[in-house]
There are 2 protein chains.
Amino acid sequence: MVVYELSDEQVNKVFRALADATRRDIVRRTLSAEVRVSDLAAAYDMSFAAVQKHVAALEAAGLVTKIARGRERIVRGQPDTIRHVQELLTAYEDIWLRRIARLDDFLADEAD
Amino acid sequence: MVVYELSDEQVNKVFRALADATRRDIVRRTLSAEVRVSDLAAAYDMSFAAVQKHVAALEAAGLVTKIARGRERIVRGQPDTIRHVQELLTAYEDIWLRRIARLDDFLADEAD
DNA sequence: GTAATATACAACCAAATGGTTGTATATGAG
DNA sequence: CTCATATACAACCATTTGGTTGTATATTAC
């Protein structure tokens, strides 16, 4: 049920974006409510520009989108991308399960 | 059903480790079969030491384990850690779903 | 015992990352 | 119109990353 494949580079960006506690917190906040960039900036002990960069990284990864509302920018989390990563990890689990299945078959054959 | 919580730093390492196509490929290979470090090194167009570093990053993240067998090191994927990341992402989806539920409640109240 | 193999690890380097400050621009308030 | 607010973005810097080569050590093969 995958809508479109992400390129390796896109997948890199998504995982890279999630590899930072501040960015994960931004994703959490923007999934539960729409917030302005300055709301986010107020939440962390770093400069506005630093938070801006984190939001930009998340946006490039497709984990959030920014829409203009007057002079403000509303940041919204993108659950679709989260789901996409989950599907990717499920594919890894499937690889593992197939291996287990092969081992089971092997053991069953041995028992004959 | 989370067995133990991963620290922010551990989560960082896991996502960081997955943010590289070579490392994701190593995870795939080691999930479907046990391979030696040199088997992996033979698979990529980079030095043995570079592959060693990738394996070390995955090991630090808990995505693979290395066990000694004579002079060889057998690398095995760790599906538990994959599953842990999936659970983490499910928590994000839940945040989103709770938001949707709140919005639904709000709309239902409006309709009264 | 000697040679070959498998791995480990240090030192080095270029590029990317994650922060900073400073400046510019667009919008809203009075 | 003027001032304050919200954002954008460039330049800079220290640290980390992802690769390299070179050297050392442990195990296996002959």
Side-chain angles (χ1 to χ4, degrees), chain A residues 7-30 33-78, chain B residues 7-30 33-78:
Chain A
S7 69
D8 268 3
E9 221 10 85
Q10 275 299 308
V11 176
N12 289 354
K13 278 186 195 167
V14 177
F15 281 123
R16 192 85 194 59
L18 290 171
D20 179 280
T22 301
R23 285 195 295 262
R24 286 194 300 275
D25 194 64
I26 291 176
V27 170
R28 272 187 288 264
R29 285 171 189 264
T30 57
E34 301 191 343
V35 292
R36 300 171 307 155
V37 176
S38 45
D39 292 331
L40 293 169
Y44 309 108
D45 186 26
M46 66 182 73
S47 68
F48 184 92
V51 174
Q52 245 181 339
K53 281 197 189 181
H54 283 309
V55 173
L58 290 166
E59 195 179 18
L63 285 163
V64 306
T65 51
K66 247 183 343 184
I67 62 158
R69 193 162 69 195
R71 66 183 156 183
E72 302 175 341
R73 296 293 180 275
I74 307 300
V75 185
R76 290 187 299 150
Q78 291 292 103
Chain B
S7 69
D8 268 4
E9 221 10 84
Q10 275 299 310
V11 175
N12 289 355
K13 277 185 195 166
V14 177
F15 280 124
R16 193 83 195 60
L18 289 171
D20 179 281
T22 300
R23 285 194 295 262
R24 285 193 299 276
D25 194 65
I26 291 176
V27 170
R28 272 186 288 263
R29 286 171 189 265
T30 56
E34 301 191 342
V35 292
R36 300 171 306 156
V37 176
S38 44
D39 292 331
L40 293 170
Y44 310 108
D45 186 25
M46 66 181 73
S47 69
F48 184 92
V51 174
Q52 244 181 340
K53 280 198 190 180
H54 282 309
V55 172
L58 290 167
E59 196 179 17
L63 285 164
V64 305
T65 51
K66 244 179 352 182
I67 62 158
R69 194 162 68 195
R71 66 184 155 183
E72 302 176 342
R73 296 294 178 275
I74 306 299
V75 186
R76 291 187 300 150
Q78 291 291 102

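None of these values were measured; they are calculated from a predicted model. Residue numbers start from 1 in every chain, and the chains themselves are labelled A, B, ... in the order their sequence lines are given, proteins ahead of strands.
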**Message:** Can you tell me if A:Arg36 touches the phosphate of D:dA6, counting only side-chain N or O atoms and a distance under 4.0 Å to OP1 or OP2?
**Reply:** yes
**Asked** So what does B:Ala41 touch, heavy atoms closer than 4.0 Å: a base, only the sugar-phosphate, or nothing?
**Response** nothing
**Asked** D:dA8 C1' sits how many Å from A:Glu59 CD, rounded?
**Response** 12 Å
**Asked** A:Ile74 and A:Glu34: side chain to side chain contact (heavy atoms under 4.5 Å, CB included), yes or no, with the steps?
**Response** CA-CA 6 Å; A:Ile74 307 300; A:Glu34 301 191 343; 3.5 Å; yes
**Asked** Going by heavy atoms in the side chains, are B:Arg16 and A:Arg16 under 4.5 Å from each other?
**Response** yes
**Item:** A:Tyr44 OH - C:dG19 P separation (whole Å)
**Value:** 12 Å
**Message:** Please report the distance, rounded to the nearest Å, between CE in A:Met46 and C1' in C:dG19.
**Reply:** 8 Å
**Request:** Using only heavy-atom distances, decide whether a donor-acceptor pair under 3.5 angstrom links the side-chain of B:Gln52 to the base of C:dA8.
**Result:** yes
**Request:** Give a yes or no on whether the backbone of B:Gly77 and the side-chain of B:Arg29 come within a donor-acceptor separation of less than 3.5 Å.
**Result:** no
**Asked** Could you state the CG-P distance from B:Leu18 to D:dG18, rounded to the nearest angstrom?
**Response** 12 Å
**Request:** Check the distance between D:dT7's P and A:Ile67's CD1 and give it to me in whole angstrom.
**Result:** 12 Å
**Whole-Å gap separating P (D:dA6) and NZ (A:Lys66)** = 15 Å
**Asked** Looking only at side-chain N and O atoms, does B:Arg73 come under 4.0 Å of OP1 or OP2 in C:dA6?
**Response** no
Output a table of nitrogen or oxygen pairs between the protein and nucleotides 13-18 of chain C separated by less than 3.5 Å.
unit_1, atom_1, unit_2, atom_2, d
C:dT17, O3', A:Arg16, NH2, 3.2
C:dG18, OP1, A:Arg23, NH2, 3.3
C:dG18, OP2, A:Arg23, NH1, 3.2

**Prompt:** To the nearest Å, how far apart are B:Glu72 CD and C:dT5 P?
**Reply:** 13 Å
**Prompt:** Atom CZ of B:Phe48 to atom C1' of D:dG18: distance rounded to whole Å?
**Reply:** 17 Å
**D:dT7 OP1/OP2 closer than 4.0 Å to side-chain N/O of A:Ser38** = yes
**Prompt:** So, is B:Ser47 close to the D:dT21 phosphate, meaning a side-chain N or O under 4.0 Å from OP1 or OP2?
**Reply:** no
**Message:** Is there, by distance only and without an angle test, a donor paired with an acceptor across the side chain of A:Arg71 and the base of D:dT5 below 3.5 Å?
**Reply:** yes
**Complete:** Shortest non-hydrogen pair, A:Phe15 vs B:Leu18, comes out as CD1-O, 3.3 Å
**Message:** By nearest heavy atom, map A:Gly70 and A:Val51 onto DNA chain C; which one lands nearer the 5' end?
**Reply:** A:Val51
**Message:** Please give me the minimum heavy-atom distance between B:Leu63 and B:Ala17, naming the atom from each residue.
**Reply:** CD1-CB, 3.8 Å
**Prompt:** Can we say A:Asp8 and B:Arg24 salt-bridge, meaning some charged N sits less than 4.0 Å from an Asp/Glu carboxylate O?
**Reply:** yes
**Complete:** Exactly one of B:Val64, B:Ile26, B:Val37 clears side-chain contact (heavy atoms from CB on, under 4.5 Å) with B:His54, and that residue is B:Ile26
